[in-house]
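These notes are about the structure you will find just below.
Just so you know, these numbers use all the heavy atoms, side chains as well, and skip hydrogens, waters and symmetry mates. On a predicted model such as this, the values are computed, not experimentally measured, just so you know. Just so we're on the same page: letters track the sequence lines, and every chain starts at 1.
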Amino acid sequence: MSMAAVETKKITLRTADNHEFEVEEAIAMEFSTIKTFFDENPDASEDTIPLPNVTSKCLSAIIEYCKSHLAFRARETSSSIDEQVRTYDEEFVKARDNESLKELILAANYLNIKALLDMLNQAVADRIKNKSVEYVRRFFGLENDYTPEEEAAIRAENEWAFEGVDPDDD
Amino acid sequence: MPPFCPLSHYASVCLSTLPSNITKPKSQNTERKARRKGHHFMMTEEHKVEAETEAQVAIHPDVLETIFSYLPLIHLLPASRVSKSWNAAAFSSLRFNKTKPWLIVHTQNIRAPHATTAIAYDPRSEVWLQIHQNLPTRHVSALRSSNSTLLYVLIPSKFSFSIDPFHLTWRHVKPPAVWRTDPVVALVGHRIVVAGGACDFEDDPLAVEIYDINTRTWEKSESMPATLKGSAASTWLSVAANTKTMYVMQKMSGVTHSFNPSSKIWSGPYNLRPDRNIYFSVIRFRVDSLIMLGFLGDPENPNGMKVWELSGESLEFCKEIGMMPKELVEKLKGEGPSFSSVIVNSMADIFCIYNPEEPEELVVFEVGHKGLCRWGSLKNAAVSDRGMVAERMVLTCSDVGLGDLGRAVWSGQGSFTVI
């Protein structure tokens, strides 16, 4: 069977650390920031697009994500596809430490990739869920900037809340 | 640091690299950061300050707020205590994912009234939570609920009530003078009105008494209108109350009366039904307008349920704001032969309807900004696969804010677990 060669337009992206990535137009269009740029500048298709806020490590992960999701969407929807998407997303997030998740969130936000951003935000939220205050501080490397007096004031305010209730009146 | 880019203000955030090994002591971390930053062996004062602030600006506040909007309220609580910036972000995130009233299902063992459990549904995050009362109150009789947050137990020797959002604290006071089995009870501002439902041997079946929460005293008041004789009990009357007025509507006939507990005057009757085909109706308040839910048709063949909003000084404006989708009417009706009664609880814009004979299906609707209803259904997590065996169920609705949750948890009164 002979197929006519389909020319897929490629777009070059340059990251903060000066790596160039050549991606298919379909993938670049997943980045709303870039899509908007092209919608407003239909002639500027030859240039390399600089992405000074995205590292090559982030961009390659994001490109992988978009490629996989485009492939999933091309197939018919079914519960097994949904299951595969869920598994892919879980794996995508699982091995990454907080730092790379934060970088990915910033990059996804800058490139305006809604689906990825929602998924990443949910992933970080899941890491905060069900953890104690101390654990969250250590996990994210945060300092408690409440002074002991402020902490005491908060505690007192909460305890006082129930002082107004009378004991059994009998 | 990445150069400033007009497309995103996130560029100004420094992506600090903190070691992922969390057991290292603090001093080592700051030293490592300083070394990586400027390859200086000796930290200057300036670098020291920068290193410390880097740790705290690790996640940009806007990004943090978005992440927080994904967190259920109960998990937002510890996050709000991590640091001042996280506290600000937590409260700020509630601006775009607002808190919603919680539905609380109380189940009580019929033979052992002190055995009660409470589970709550948070519509904002669609999670069910178990509420543990750390100092449980031993109830000796049936829990009953009334307009939204009031939960009470009435026995001849005592009147116990709870009005805090999670019902963790109870007040026990002298009972009303008239012995009652099934009165209409409503919280109107700082007064609890107890009307009708008197025992057969009592002289006046329409007696009304008011308990003032501030002065802690009972007061007799003008009895209910004589036309309500024979139906002056919560079985027959639906009650709606806001902070000033109480309305009672006969569920079958729709005849409505209002009561003002500060003037102690009954007014009415009013006929509020806009449609002759309504065979059963109940009322609730939504701020200052009255919401009426009515079933159309007849009990064996209900052909739908509609919602109207009545507003104006004398409730003269009636507007239809919603109709229950057919499949939800079916769910609510269940397997039973006829559909004669539903119970509605609400708080602010969230309404919950259930059929006492089919407690596992809860129909919830929310009155949106344009005043129109958005419908949904919920499986009652308090009902197990076997159904409710020897248990009774009572629903309340509470306004819950992050502060309310914080006070309940950190005062040691209660604890919450996501189911």
- Query: Can you tell me how far the CD atom of A/Glu143 sits from the OG atom of B/Ser83, to the nearest 0.5 Å?
  - Reply: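 Going from CD on A/Glu143 over to OG on B/Ser83, the span is 9.5 Å.
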
- Working to the nearest 0.5 Å, report the span between CG of B/Leu64 and NZ of A/Lys102.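 The NZ atom of A/Lys102 is 10.5 Å from CG of B/Leu64, to the nearest 0.5 Å.
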
- Message: For B/Ser80, which atoms come within 4.5 Å of any heavy atom of chain A: side chain, backbone, both, or neither?
- Response: backbone

- Using the side-chain contact (heavy atoms from CB on, under 4.5 Å) rule, pick out the option among A/Asn109, A/Leu120, A/Leu106 that qualifies with B/Val63.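 So, applying the side-chain contact (heavy atoms from CB on, under 4.5 Å) to B/Val63 and each of A/Asn109, A/Leu120, A/Leu106, only A/Leu106 qualifies.
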
- Item | Candidate pair A/Glu151 and B/Arg81, rule side-chain contact (heavy atoms from CB on, under 4.5 Å), full reasoning | CA-CA 9 Å; A/Glu151 289 264 4; B/Arg81 286 283 283 265; 3.8 Å; yes

- Could you look at A/Glu150 and say if it's the side chain, the backbone, both or neither that has a heavy atom under 4.5 Å from chain B?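 Looking at A/Glu150, just its side chain touches chain B.
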
- Contact class of A/Asp118 relative to chain B, heavy atoms under 4.5 angstrom: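 Both parts, heavy atoms under 4.5 Å.
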
Hey, is [atom1] on [X] packed in by over 12 heavy atoms from elsewhere, all under 6.0 Å?
X	atom1	value
A/Lys129	NZ	yes
B/Trp179	CH2	no
A/Lys57	NZ	no

- Could you tell me whether the side chains of B/Tyr70 and A/Asp126 share a donor-acceptor contact shorter than 3.5 Å?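 No, no side-chain donor-acceptor pair sits under 3.5 Å.
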
- Task: Measure from the side-chain N and O atoms of A/Asp145 to the backbone N and O of B/Lys84, and report whether any donor-acceptor pair falls under 3.5 Å.
- Result: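 Pair found, side chain donor or acceptor close to backbone of B/Lys84.
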
- Side-chain contact test, heavy atoms from C-beta onward, threshold under 4.5 Å: evaluate it for A/Ile105 versus B/Ile67 and give yes or no. yes

- Item | Flag side-chain contact, heavy atom, 4.5 Å: A/Ile128 against B/Leu71 | yes

- Pick from A/Asn112, A/Leu117, A/Val133: which one has the most heavy-atom pairs with chain B under 4.5 Å? A/Val133

